[in-house]
Peer 1: 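Here it is, the structure in full.
Throughout, protein chains are lettered first and strands after them, A, B, ... in sequence-line order, and every chain is numbered starting at 1.
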Protein chains: 2
Amino acid sequence: MVVTKSLASRVKPARMQPKAAAEASEDLPPNLGELADLLGYSLKRAQLRVFEDFLRVMTPLQLTPAQFSVLLLIEKNPGRNQTEVASTLGIQRPNFVTMLDSLESRGLCVRLRSASDRRSHVLMLTDKGRATLMRAKKLVAAKHEARLSELLGESNRVVLVQMLAKIAREL
Amino acid sequence: MVVTKSLASRVKPARMQPKAAAEASEDLPPNLGELADLLGYSLKRAQLRVFEDFLRVMTPLQLTPAQFSVLLLIEKNPGRNQTEVASTLGIQRPNFVTMLDSLESRGLCVRLRSASDRRSHVLMLTDKGRATLMRAKKLVAAKHEARLSELLGESNRVVLVQMLAKIAREL
DNA sequence: TATTGTTATACTCTATAACTATA
DNA sequence: TATAGTTATAGAGTATAACAATA
């Protein structure tokens, strides 16, 4: 690639690359350089890849990672209200309303008026929600986490999760 | 995020969970349960935390992680066109236009018409771009990556990056 | 007065189709 | 015909203010 002189003169030339000596870099993909050592960069790329694989595996059940986490949390903590579940997952309460609308309209969970505090909605899984979640867990374990375990080795996978949890907790 | 930091940092997460979480913890935060073992979950939470820290450290230079990665890639691979840089970073070409508009309007980089193919724009850093990037690198190394290294230990930090890169590459 | 769920809204990211100018 | 950069646009995800019902 040659640069027109009048335009190029506006910037300091970063060492003219000899056309023939441009060797590998002319037709090969760009070099990541220091980007490859940046934790945030590999973290983001890995997260996108993992979510992509999660969605692929979960296609038959049509559950996003966020929806799956909501169902898991309600199952483990039945009777909690929207504020509690949302804040545990780092979801803003207004945004959680739409998420719940979706899950409830699919018959996976219900909002029940609390008798002790009539402002709050107690969250519970339906039978269908429990059944769907059980199928989802099996899919995730058998096709998603298993694939990661195969790629990294199970002990490394566990170490990885613990390091990530530590970052989320303590950074 | 409603994660209590000071307390959580002192407590090693117990792998054993009480059988019925609902009864015992009416006033405690909900139990994450199986969520804590899901790689995708800790991956996402860690990624948000790391980007948050990056933005905090980068406040004086007003560079997002994405903008920083673009500047790094242009510095390392001067003379590449928009399509090459964007696709290397996993950015859609239409979205890259706005990003470049922003960086170019701040005088950090320039688009030059290629003489060999007048359709494409060759990307280069300006002097200001190089200076800003150098300051940014120093901030990231001294305040951001150093903090992660302190948290995990440098050798663990390197291992973590390599595992994440492997996921991004091979999953 | 404070809190729960909700509505409205806005801003960022991301994804796709289609246009233009070049090849 | 195909490609590079661009425009327009639409869909997620996320953040904040404010309101009604309830405490």
Side-chain angles (χ1 to χ4, degrees), chain A residues 1-4 7 27 30 40-41 44-45 47-49 51-52 54-55 62-70 74 79-105 109-124, chain B residues 1-2 27 30 40-41 43-45 47-49 51-52 54-55 62-70 74 79-105 109-124:
Chain A
M1 290 225 177
V2 180
V3 173
T4 59
L7 285 172
D27 54 337
Y41 181 74
K44 177 73 174 182
R45 299 295 289 237
Q47 185 260 308
L48 290 172
R49 196 57 71 90
F51 271 40
E52 189 183 5
F54 184 99
L55 284 171
Q62 287 292 105
L63 287 179
T64 66
Q67 290 172 325
F68 180 68
S69 70
V70 169
I74 296 178
R80 296 288 189 160
N81 66 26
Q82 297 183 197
T83 297
E84 289 168 328
V85 172
S87 87
T88 299
L89 295 173
I91 303 172
Q92 302 293 322
R93 269 82 76 196
N95 300 331
F96 194 56
V97 171
T98 317
M99 279 199 66
L100 270 188
D101 286 348
S102 167
L103 293 173
E104 197 175 18
S105 73
C109 68
V110 285
R111 297 182 242 222
L112 305 174
R113 279 241 168 265
S114 165
S116 58
D117 184 343
R118 293 181 48 74
R119 290 172 303 181
S120 66
H121 292 166
V122 150
L123 299 179
M124 311 267 297
Chain B
M1 296 280 190
V2 193
D27 54 339
Y41 181 73
L43 201 43
K44 178 73 174 181
R45 298 296 288 239
Q47 185 260 307
L48 290 173
R49 197 57 71 91
F51 271 40
E52 189 182 5
F54 184 99
L55 284 171
Q62 286 293 102
L63 287 179
T64 67
Q67 290 172 325
F68 180 69
S69 70
V70 169
I74 296 178
R80 295 288 190 160
N81 66 26
Q82 298 183 195
T83 296
E84 289 168 328
V85 172
S87 88
T88 298
L89 295 174
I91 302 172
Q92 301 293 323
R93 270 84 74 187
N95 300 331
F96 194 57
V97 171
T98 316
M99 277 199 68
L100 269 189
D101 286 347
S102 167
L103 293 174
E104 198 175 16
S105 73
C109 69
V110 283
R111 299 182 240 222
L112 306 175
R113 278 240 168 265
S114 165
S116 59
D117 184 345
R118 294 183 44 76
R119 293 172 301 181
S120 65
H121 292 167
V122 150
L123 299 179
M124 311 268 297

Peer 1: Rounded to the Å, how far apart are B:E52 CD and D:dT14 P?
Peer 2: 13 Å

Peer 1: How many angstroms lie between CZ in A:F54 and NZ in B:K44, if you round to the nearest 0.5 Å?
Peer 2: 13.0 Å

Peer 1: Using only side-chain N and O atoms of B:R93, determine if any of them is under 4.0 Å from OP1 or OP2 of C:dT14.
Peer 2: no

Peer 1: Establish, with yes or no, whether the OP1 or OP2 oxygen of C:dA15 is under 4.0 angstrom from a side-chain nitrogen or oxygen of B:Q92.
Peer 2: yes

Peer 1: In the structure I gave you, are the side-chain heavy atoms of B:T64 and B:S69 within less than 4.5 Å of one another anywhere?
Peer 2: no

Peer 1: Considering only residues two or more places apart or on different chains, which pairs with a residue in residues 89-102 of chain B satisfy salt bridge (charged side-chain N to carboxylate O under 4.0 Å, His left out)?
Peer 2: B:D101-B:R111

Peer 1: Counting only side-chain nitrogens and oxygens, does A:S120 get under 4.0 Å of the OP1 or OP2 atom of C:dT3?
Peer 2: no

Peer 1: What is the distance, to the nearest angstrom, from the CD atom on A:Q47 to the P atom on C:dC13?
Peer 2: 14 Å

Peer 1: Nearest-Å distance, CG (B:L89) to C1' (C:dT14)?
Peer 2: 15 Å

Peer 1: Taking for each residue the nucleotide of DNA chain C with the nearest heavy atom, is it B:T64 or A:N81 whose nucleotide lies nearer the 5' end?
Peer 2: A:N81

Peer 1: Apply ring pair (Phe, Tyr, Trp, His ring centres under 6.0 Å) to B:F96 and list each qualifying residue two or more places apart in sequence or on a separate chain.
Peer 2: none

Peer 1: What is the distance from CG of B:N95 to P of D:dT6, rounded to the nearest Å?
Peer 2: 13 Å

Peer 1: Please give, in whole Å, the distance from D:dA12 P to A:M99 CE?
Peer 2: 13 Å

Peer 1: To the closest 0.5 Å, what do you measure between CG (B:L43) and CZ (A:R49)?
Peer 2: 12.5 Å

Peer 1: Any side-chain N or O of A:T83 below 4.0 angstrom from OP1/OP2 of C:dG5?
Peer 2: yes

Peer 1: To the nearest 0.5 Å, how far apart are CG in B:L100 and CD1 in B:I74?
Peer 2: 6.0 Å

Peer 1: Distance check, rounded to the nearest 0.5 Å: A:R80 atom CZ versus A:L123 atom CG?
Peer 2: 11.0 Å

Peer 1: Starting at atom NE2 of B:H121, determine the distance to atom P of D:dT3, rounded to an integer number of angstrom.
Peer 2: 18 Å

Peer 1: Calculate the interatomic distance between A:F96 atom CZ and C:dT3 atom P; express it in whole Å.
Peer 2: 20 Å

Peer 1: Could you state the atom-to-atom distance from CZ of A:F51 to P of C:dT14 in whole Å?
Peer 2: 14 Å

Peer 1: Polar atoms only, N or O, under 3.5 Å: list the protein pairs with nucleotides 17-23 of chain D and their distances.
Peer 2:
{"unit_1": "D:dA23", "atom_1": "OP1", "unit_2": "A:R118", "atom_2": "N", "d": "2.8"}

Peer 1: Does C:dT6 have OP1 or OP2 under 4.0 Å away from a side-chain N or O of A:Q82?
Peer 2: yes

